[in-house]
2 protein chains.
Amino acid sequence: MARTGRPREFDRDRAIDAAMALFWSQGYEPTSLTQLKSCMGNISPASFYAAFGSKEALFREVVQHYLATYGQVMAPLGDESLAPRDAIERTLRGSAAMQSARAHPCGCLIVAGASNCSPENEPVQALLAKERQRTRAGFRACVKRAIASGELRDCPATEVLPDIFTTFLHGMTCEARDGVRSENLEAAITSLLTLWDASAVVPGTGKHPKNF
Amino acid sequence: MARTGRPREFDRDRAIDAAMALFWSQGYEPTSLTQLKSCMGNISPASFYAAFGSKEALFREVVQHYLATYGQVMAPLGDESLAPRDAIERTLRGSAAMQSARAHPCGCLIVAGASNCSPENEPVQALLAKERQRTRAGFRACVKRAIASGELRDCPATEVLPDIFTTFLHGMTCEARDGVRSENLEAAITSLLTLWDASAVVPGTGKHPKNF
DNA sequence: TCATATATGGAACAATCGGTACATATATGA
DNA sequence: TCATATATGTACCGATTGTTCCATATATGA
């Protein structure tokens, strides 16, 4: 059953897509209402506020849309049907490819979407910080799972793996924006993962790998 | 010989220090002239513009001041009197400690000082991007030097080391701001450096280390 | 003493910020 | 047909943005 009232004359989903591109490349605060209305097809302020409520509310919707689409490169991290190492590798490689793709702004919206904020917009910063915290927890859980399953030894070198992966992941935003190529990030990830292998238990031996 | 004219009534150096703290924590665009004048002791617009010229000119001065002080944690990277591995280790550890110190805003001004910008302030972004490019070149030069001196083997795993260290370094800004502790970053660096050691040539053998 | 040079306080600038008011247009459901 | 509900266009809101103007204050050098 269709809704009553005059129908909207612009495509709300496409508008959110366009707003995402703006917020993604410029960040929350520098993106003005004028730019937003313009990228939605020069809609009026009345149309904007009727549809989205406020700039902040739109941003929150954009973040949700991002997490449901581009942000899904992080999905393997929480997929317990994957082997922990595989989950981490897929996450890092997927994120590297996504962040350096040319079809959209470089880097990660969750990392850079509100990195410059005046005090009054701290809630917006907190929204993204909370998501990053989820990522950190994801890496930690993955490593913990690998230790529990006997894939990783329980040693100091293993404990730092989550911080290494998280820091590298977040650093890719800066690199991708600065023009570092996808292949370079991929190669770096390959090398990074040898740190995992160095703490891995070789099946059967219960010890660390010999050729390393 | 002292300058002619009425003397300035506020301390210009302290003002730049205070402005640096503001730009560091909020970034270039969200920091307003009102905040800047306020942190300098409620000076008048006339005093501000007479002393600094413009907001952008002040920011450029602030960046220079930052590079000359806190930014000096990067100095070892260009110090050819240090062994390459030592130079990189000192750089990473120094930056980790600086970025997570409580006495000033967390993270790195060069990474986060203008990460959210409207198109009109692209020159400001470019200023910082240029400095980050210098850092990348520094890591590359360090690794190149180590290969030339025979400290590192010349292999694919060695080639990616600069990207790994640079990405990690830049990622620390996000981590420090999110409250990751200095000790965690330090431990991660210790582990990261084993990637160097894995590509290192053991003195006398000309091959890679045995215990690894 | 007086010209010159610089700094200051205060008022004001046009432009933009995010957001609102209100009358009008266009749909559905009764 | 008419009440209800939603969207739109236009005008406008006060606040803030970075910046400029100008008269005045205070120093140095001649």
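Protein chains get the first letters and strands the later ones, always in sequence-line order, with residue 1 at the start of each. None of these values were measured; they are calculated from a predicted model.
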Query raised in the report: Which part of the nucleic acid, if any, lies within reach of A:Ser118 when heavy atoms closer than 4.0 Å are counted: base, sugar-phosphate only, or nothing?
Result: nothing

Requested in this report: Using atom types as modelled and distance alone, determine if a side-chain donor or acceptor of B:Asn184 lies under 3.5 Å from a backbone N or O of A:Val160.
Outcome: no

Query raised in the report: B:Leu36 CG to D:dT17 P: how many Å, rounded?
Result: 10 Å

Requested in this report: Find the distance A:Leu33:CG to D:dT16:C1' and express it as a whole number of Å.
Outcome: 15 Å

Report summary line: The reported gap from CZ in B:Phe10 to CG in B:Asn42 (rounded to nearest 0.5 angstrom) is 12.0 Å

Query - Nucleotide D:dT10, atom P - distance to OH of A:Tyr49 in whole Å - result: 18 Å

Report task. Would you tell me whether A:Thr190 and A:Arg93 have side-chain atoms, one donor and one acceptor, within less than 3.5 Å of each other? Result -> yes

Query raised in the report: Once you round it to whole Å, what is the distance between C1' of D:dT17 and CG of B:Asn121?
Result: 12 Å

Requested in this report: Determine: side-chain N/O of A:Thr34 to OP1/OP2 of C:dC17, distance under 4.0 Å, yes or no.
Outcome: yes

Query - All stems with DNA chain D, defined as three or more consecutive Watson-Crick or G-U pairs under 3.5 Å - result: C:1-30 with D:1-30

Query raised in the report: Of the residues in residues 15-30 of chain A, which ones touch DNA chain D at a heavy-atom distance under 4.0 Å?
Result: none

Query raised in the report: Cation-pi between A:Lys55 and A:Tyr28: NZ/CZ under 6.0 Å from ring centre and within 45° of the ring axis?
Result: yes

Report summary line: Rounded to whole Å, the NZ-P distance (A:Lys37 to D:dA7) equals 17 Å

Requested in this report: Determine whether more than 12 heavy atoms belonging to other residues, nucleotides or ligands lie under 6.0 Å from atom CZ of A:Arg12.
Outcome: yes

Query raised in the report: Side chain of A:Thr158, backbone of A:Asp154: donor and acceptor closer than 3.5 Å?
Result: no

Requested in this report: Applying side-chain hydrogen bond (donor to acceptor under 3.5 Å, both in side chains), run through B:Ser95 and B:Gln99 and close with a yes or a no.
Outcome: CA-CA 6 Å; B:Ser95 190; B:Gln99 291 195 49; 2.9 Å; yes

N/O-N/O pairs, protein side and nucleotides 6-13 of chain C side, under 3.5 Å:
| unit_1 | atom_1 | unit_2 | atom_2 | d |
| --- | --- | --- | --- | --- |
| C:dT6 | O3' | B:Arg3 | NH2 | 3.4 |
| C:dT6 | O2 | B:Arg6 | N | 3.1 |
| C:dA7 | OP1 | B:Arg3 | NH2 | 3.2 |
| C:dA7 | OP1 | B:Arg8 | NH2 | 2.8 |
| C:dA7 | O4' | B:Arg6 | O | 3.1 |
| C:dT8 | OP1 | B:Glu9 | N | 2.7 |
| C:dT8 | OP2 | B:Ser47 | OG | 3.0 |
| C:dT8 | O5' | B:Ser47 | OG | 3.2 |
| C:dG9 | N7 | B:Ser44 | OG | 3.3 |

Requested in this report: Grab the CD-C1' distance between B:Glu120 and D:dT19 for me, whole Å please.
Outcome: 14 Å

Query raised in the report: Could you give the distance from CZ (B:Arg140) to CG (B:Leu77), rounded to the nearest 0.5 Å?
Result: 11.0 Å

Query raised in the report: How long is the span from the CG atom in A:Leu128 to the CG atom in B:Asp178, to the nearest 0.5 Å?
Result: 10.0 Å

Report summary line: Taken to the nearest whole Å, CD/A:Gln35 to C1'/C:dC17 is 12 Å

Query raised in the report: Going from CD on A:Glu151 to OG on A:Ser199, what distance comes out if it is rounded to the nearest 0.5 angstrom?
Result: 13.0 Å

Query raised in the report: Between B:Arg90 and B:Asp79, does at least one N-O distance fall below 4.0 Å, as a salt bridge requires?
Result: no

Query raised in the report: What is the distance, rounded to the nearest whole Å, between atom CZ of B:Phe52 and atom P of D:dT20?
Result: 16 Å

